[in-house]
Amino acid sequence: MDFGICFKGFVEPDRARALVRQAENAGFKYCWFYDSHILWRESFVAMAMCMEHTKTMRFGPCVTNPNTRDWSHAASLFGSLAKQSGGRFDIGLGRGDSAVRVMGKKPAPLKRLEEFTHVVKALVRGDEAHYGECPEPVKFPWAEGYELPVWVAAYGPKALNSAGRVGDGLILQIADPGICKWLGEQAIAAGKEAGRDMSNFGIMAAAPAHTGTLEEGIEKTKWFPAMVGNHVADIVEKYGSNTDQVPASLTSYIENRRGYDYSKHGQSDNPFLDFITDDIVESFAVLGPPENHIKKLNKLKDAGITQFNIYLDSGDEEKIIADYGEKIIPVFDAGNAKTPEAVS
């Protein structure tokens, strides 16, 4: 299992540089950034800065979308960062949530997400591509054949199908092993049905982690299920609350949800947190002392997760990175990882 960290764009530059150096030295392989240019500072500028202070860490947005930027501009940005980092650049891709909804705009249809995936991969590679907004085909004369990895964020059945058919990986914003297993299997099945080799398909669980007491961790990460609930509400609206196309354990917890404040997206002071129970927080995040993390991460690995990406937004960031580097990542680097107590 690989490990990543994920920043919002409010981390001060000096601290971001120090955190990515610490994380790389601790054994983290990925550094992701929220791409929501109104709520937080432009993420790609921060990525370029952090690339210059690391040697092996991979970077990317978690997640970007097809609607914020012109597609040739987006592809040029991705290809330039891949070149600048020596090939250490991926993208996470979604339909568009806070980045567009905060402006009153709608997320992209899945057909547009799939077309965006094909176009930007082709342009970054150096191929000629044509897309709807541009009457003439586009080709970058400076492109050097880089194969851009695209991780697609999904929960609903149609989005999972798209992820399996066009993505190189799947992003699941949740760390519940049972839910992750169910969702990951849907994407893999869709890819196989499309005739793709899914043996190297990555599945990321992106969620907060906290290595203090369980009680402290629950209090500091209660914002996260509210953010997940915002996405799940879209699924319930489309398919109904009793759909058999999504696990009931994912949809049932939003029954008492009253709304969502996009200006407080992913923040602990979002006013719509009262429907979140302690059990839900514990299920969705990875909390408690390091031995708890090892047990849960083993369950996630058994469920098919290939990367655990920590939303580093809940305080104690340096301590969390240090605890992972000293007590958790080495266990997984050592092999099949079961301990402690063979995951009782």
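Just so it is clear, the values below take in all heavy atoms, side chains as well, and ignore hydrogens, waters and symmetry mates.
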* To do: Could you give me the CA-CA distance, side-chain angles and deciding distance for W223 and S314, then say whether side-chain hydrogen bond (donor to acceptor under 3.5 Å, both in side chains) is met?
  => CA-CA 9 Å; W223 60 268; S314 306; 3.3 Å; yes
Flag the pair [X] / [Y] as yes when at least one side-chain heavy-atom distance between them is below 4.5 Å, and no otherwise.
X    : Y    : value
F7   : C62  : no
R88  : T54  : yes
I203 : I188 : yes
P208 : D313 : no
K220 : D316 : yes
K301 : L297 : no
T221 : F284 : no
S162 : R95  : no

Point-to-point distance, once rounded to the nearest 0.5 Å, from [atom1] of [X] to [atom2] of [Y]:
X    : Y    : atom1 : atom2 : value
L300 : I305 : CG    : CD1   : 6.0 Å
I5   : F33  : CD1   : CZ    : 7.5 Å
L77  : M47  : CG    : CE    : 8.0 Å
C180 : Q173 : SG    : CD    : 11.0 Å
I310 : E317 : CD1   : CD    : 10.5 Å
I321 : L19  : CD1   : CG    : 4.5 Å

* To do: List the steps and the verdict of ring-ring contact (aromatic ring centres under 6.0 Å, His included) for F332 and F3.
  => CA-CA 10 Å; F332 290 85; F3 291 85; 5.7 Å; yes
Looking at [X] and [Y], would you say the former's side chain and the latter's main chain have a donor-acceptor pair under 3.5 Å?
X    : Y    : result
K106 : V100 : no
E282 : L287 : no
E219 : E215 : no
R17  : H53  : no
R165 : E193 : no
K105 : A99  : no
Q22  : E318 : yes
H130 : C134 : yes
W71  : F116 : no
E52  : C50  : no

Pairing of [X] and [Y] as salt bridge, 4.0 angstrom limit:
X   : Y    : result
E42 : R69  : yes
R58 : D2   : no
K83 : E144 : yes

Going only through I, L, V, M, F, W and Y residues with side-chain contacts under 4.5 Å, is there a path from [X] to [Y]?
X    : Y    : value
W32  : L39  : no
L172 : W151 : no
M1   : L183 : yes
V63  : V119 : no
F89  : V20  : yes

Return the minimal non-hydrogen interatomic distance between [X] and [Y], and the atom names on each side.
X    : Y    : answer
P61  : D35  : CB-CB, 4.0 Å
R196 : G164 : NH1-O, 2.8 Å
P225 : I276 : CB-CD1, 3.5 Å
M57  : A23  : CE-CB, 3.8 Å
I320 : A209 : CD1-O, 3.3 Å
P177 : K299 : CG-CB, 3.8 Å

* Asked: Do D70 and S72 get their side chains close enough for a donor-acceptor pair, meaning under 3.5 Å?
  ->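 Yes.
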* Report yes if the distance between the aromatic ring centroids of Y34 and Y311 is under 6.0 Å, otherwise no. =>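 Yes, they do, as the ring centres are separated by less than 6.0 Å.
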* Please report the C-alpha distance between E185 and K181 in whole Å, then the side-chain angles of each, then the deciding distance to 0.1 Å, and finally whether the salt bridge (Lys or Arg N to Asp or Glu O under 4.0 Å) criterion is met. => CA-CA 6 Å; E185 287 175 349; K181 185 175 189 295; 2.5 Å; yes
* Using side chain to side chain contact (heavy atoms under 4.5 Å, CB included) as the criterion, point out the one residue from N65, N67, L93, V150 that pairs with L113. =>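 Option passing the side chain to side chain contact (heavy atoms under 4.5 Å, CB included) with L113: L93.
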* Aromatic plane relationship, F78 with F44 - under 30° parallel, 30 to 60° tilted, over 60° perpendicular ->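 Rings of F44 and F78: tilted, 30 to 60°.
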* To do: Any salt bridge (Lys or Arg N to Asp or Glu O under 4.0 Å) involving residues 146-157? Give me the pairs, sequence neighbours left out, ordered by first then second residue.
  =>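 Every pair satisfying salt bridge (Lys or Arg N to Asp or Glu O under 4.0 Å) with a residue in residues 146-157: R125-E147.
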